[in-house]
Amino acid sequence: MRIIVVVYNFGVISMRSLTEIEQNRLAKLERLQERGESPFPHRAERTHSIAMATQYFSERSSDKEENEENGLEITLCGRLRAVRTMGKLAFAHIEDVSGRIQLLLRADAIGKDRLKQFESDFDLGDIVQVTGKLMETRTGEVTLDLSGFRMLAKSISPLPAAKEVDAEGDRKVYSAFDNVEARYRERYADLAINPHVREIFRVRSRVVSALRSFLDKRDFLEVETPVLQPIYGGAAARPFSTHHNQLHQDLFLRISFELYLKRLLVGGFERVYEIGRDFRNEGVSLTHNPEFTQLEFYWAYADYEDVMQMTEQMVAFVAKKVCNSPLVTYQGHQLNFHPPWRRVSLRDALAEYSDIDYVACSANQLASHFKSRGLKVPSDATRGKLIEMLFSKYVEPHFIQPTFVYDYPRDISPLAKTKEDDSDTVERFEVFVGGLELCNAFTELNDPIDQEQRFLDMGGNYDKDSGEAHPLDLDYLKAMSYGMPPNGGFGMGVDRLVMLLTDQSSIREVILFPHLRSKE
RNA sequence: GGGCCGCUAGCUCAAUUGGCAGAGCAGGGGCCUUUUAAGCCCUUGGUUACAGGUUCGAGUCCUGUGCGGCUCACCA
């Protein structure tokens, strides 16, 4: 590699170091121009997608001769993925979004010079337009016998070279582009050459659309609430902060939608949902990305039992819609989303897997359980926090099949309503699948007096914990003071649902452009 | 943030105990009318992530930095 200045038509387009391959390709680009062929024409023509073309061919007369004699000329577009030159003929493959097809270039059809131009000036990765008639080769592969071709977009940088071939359903890949960092940094290249990566994002799109159709059918109204918020809330997480210059106002990127969506219940909407992005300024892991997609819905006159039922129906609906079955393979396990799902109280779950019955334990006794198990006791954790930590350590990993865990300690659930007969416990559930926490939901607290007290209690904890006061959302309390219908609320990590339905163990594999540390 | 592991050609990977930095694909030049990882002949391509150190000699050993992966912590 060396630093050179490339002069292209009107001026300098690049001063970065170009590889030898890139320099070669720029030379090819110039040869195209010298012949009057634009390397980047304004418009393309296309009569069929590749999938339509092959389908059309196979549905026509089975008489091969007839087919080839009377076949229509069709024009396809796509990326050049393979070239095999053989003297006076050449084979190639192009790929579009619908599939790939073989091309045949014959000197006696297009001319010796034209074939030579193809061989010398067209590269893997070029976007091309090709015209010809469909035929079958000796081996029975549907092939476009070209009468013409043209460049649509010259590829200057070589795509990471993955050689691949479809052989009887087996897709063999040679020199796969599978360096994880490189794939994320150049996701466009990853998508361009790894069809299984494209498929993940097709599934992701179908998941979101299935969620919408499920909720829309049940009269939920899709809404959009502020991403930039003067006060953040609805979850316990550190926010990203930003600033509005003209208003001289500090703002936060939302960490949840909850408080705004419930304001809408005060406003008279009875069923609302939002699918959007949350931002949490915290650790990155296999299951955490700083920005992630969340579904939240709020349902007036329902409680957490109703929400549990709807949750299992909704997720099973999505699985069936997207994977054609409520049975899904995830990391070697067969998950069954068919309702009803197992339900177990947090108390019973913890007793089952750790032999600790927390109802009988004070915070101090819980702390001694920590010590006897060799765990560090956080200095200022509440009793509820200790219970939750024991749960995530001893219980969570056991829940492979979708499982509702219900009834949580009050002091870690400031927005949930307590049980009628137990003021230390709230009507809350979480869903665990494949070892992941997928959903969090509760019978929502709608008593503004109780809510204010909870905020104040939490504020105290946050003061001790981080030195930062937890924001008290007075406007939210005001909204609730007008009268909020009793309701059930629900939140789900959409990225995690996509992980489950695409058998991915890393959240980054289901996010198109996952967050990466900046390079240099 | 801590621990462990990794970083070699455009891509995927080798390189014995510290002893000439290599292969396949991609690229370039040829031959080739049914190939499909086409084949055959020839061939270009390297600041071994970066900066130091030890050594006659470092891809290899040591220190630091960057980035990544895994993991722990954090994350109601």
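Every chain is numbered from 1, with letters handed out A, B, ... down the list of sequences. Only heavy atoms go into these numbers, but all of them, side chains included; no hydrogens, no water, no symmetry mates.
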If you assign H515(A) and K385(A) each to the RNA chain B nucleotide with the nearest heavy atom, which residue ends up on the more 5' nucleotide?
H515(A)
From [options], nucleotide with atom closest to [X] side chain:
X: D108(A); options: rU33(B), rA26(B), rU35(B); value: rU33(B)
X: P414(A); options: rA76(B), rU35(B), rG30(B); value: rA76(B)
X: L89(A); options: rG69(B), rU34(B), rC75(B); value: rU34(B)
X: R84(A); options: rU36(B), rA76(B), rC75(B); value: rU36(B)
X: I21(A); options: rU35(B), rC75(B), rA26(B); value: rA26(B)
X: M135(A); options: rU34(B), rC75(B), rU36(B); value: rU34(B)
X: E282(A); options: rU71(B), rG69(B), rC75(B); value: rC75(B)
X: M86(A); options: rA26(B), rU34(B), rG69(B); value: rU34(B)
X: I412(A); options: rA76(B), rU71(B), rU35(B); value: rA76(B)
X: E20(A); options: rU44(B), rG27(B), rU35(B); value: rU44(B)

On the six-membered ring of Y408(A), is R428(A) placed so that its NZ or CZ lies under 6.0 angstrom from the centre and within 45° of the ring axis?
yes
Is [X] touching bases, backbone alone, or none of the nucleic acid, heavy atoms closer than 4.0 Å?
X: P409(A); answer: nothing
X: T143(A); answer: nothing
X: N440(A); answer: nothing
X: K112(A); answer: nothing
X: R410(A); answer: nothing
X: R508(A); answer: sugar-phosphate

Grab the [atom1]-[atom2] distance between [X] and [N] for me, whole Å please.
X: H93(A); N: rU36(B); atom1: NE2; atom2: P; result: 11 Å
X: N24(A); N: rU44(B); atom1: CG; atom2: C1'; result: 9 Å
X: K154(A); N: rG27(B); atom1: NZ; atom2: C1'; result: 12 Å
X: I507(A); N: rG69(B); atom1: CD1; atom2: P; result: 14 Å
X: I101(A); N: rU36(B); atom1: CD1; atom2: P; result: 18 Å
X: L105(A); N: rU34(B); atom1: CG; atom2: C1'; result: 13 Å
X: L115(A); N: rG30(B); atom1: CG; atom2: P; result: 14 Å
X: E388(A); N: rC75(B); atom1: CD; atom2: C1'; result: 10 Å

Is it the case that the base of [N] and the side chain of [X] share a donor-acceptor contact (distance under 3.5 Å, atom types as modelled)?
X: E141(A); N: rU34(B); result: no
X: R138(A); N: rU34(B); result: no
X: T137(A); N: rU35(B); result: yes

For a quick test of reading the model: is some side-chain N or O of [X] closer than 4.0 Å to OP1 or OP2 of [N]?
X: K88(A); N: rU35(B); value: no
X: R25(A); N: rG10(B); value: no
X: R185(A); N: rG68(B); value: yes

With a 4.0 Å cut-off on N to O distance, would you call D190(A) and R183(A) a salt bridge?
yes
Ion pair present between R254(A) and E274(A), side-chain N to carboxylate O less than 4.0 angstrom?
yes
Interatomic distance, CD@Q23(A) vs CD1@I156(A), rounded to 0.5 Å, equals 12.0 Å
Determine, stepwise, if the pair T418(A) / R454(A) fulfils side chain to side chain contact (heavy atoms under 4.5 Å, CB included).
CA-CA 11 Å; T418(A) 52; R454(A) 305 272 200 107; 3.6 Å; yes
With no hydrogens and no angle check, is any side-chain donor or acceptor of N289(A) less than 3.5 Å from a backbone partner on F292(A)?
no
Indicate yes or no for a side-chain donor-acceptor contact from S98(A) to the backbone of D96(A) under 3.5 Å, with no hydrogens or angles considered.
no
In Watson-Crick or G-U wobble terms, both distances under 3.5 Å, what is the partner of rG57(B)?
none
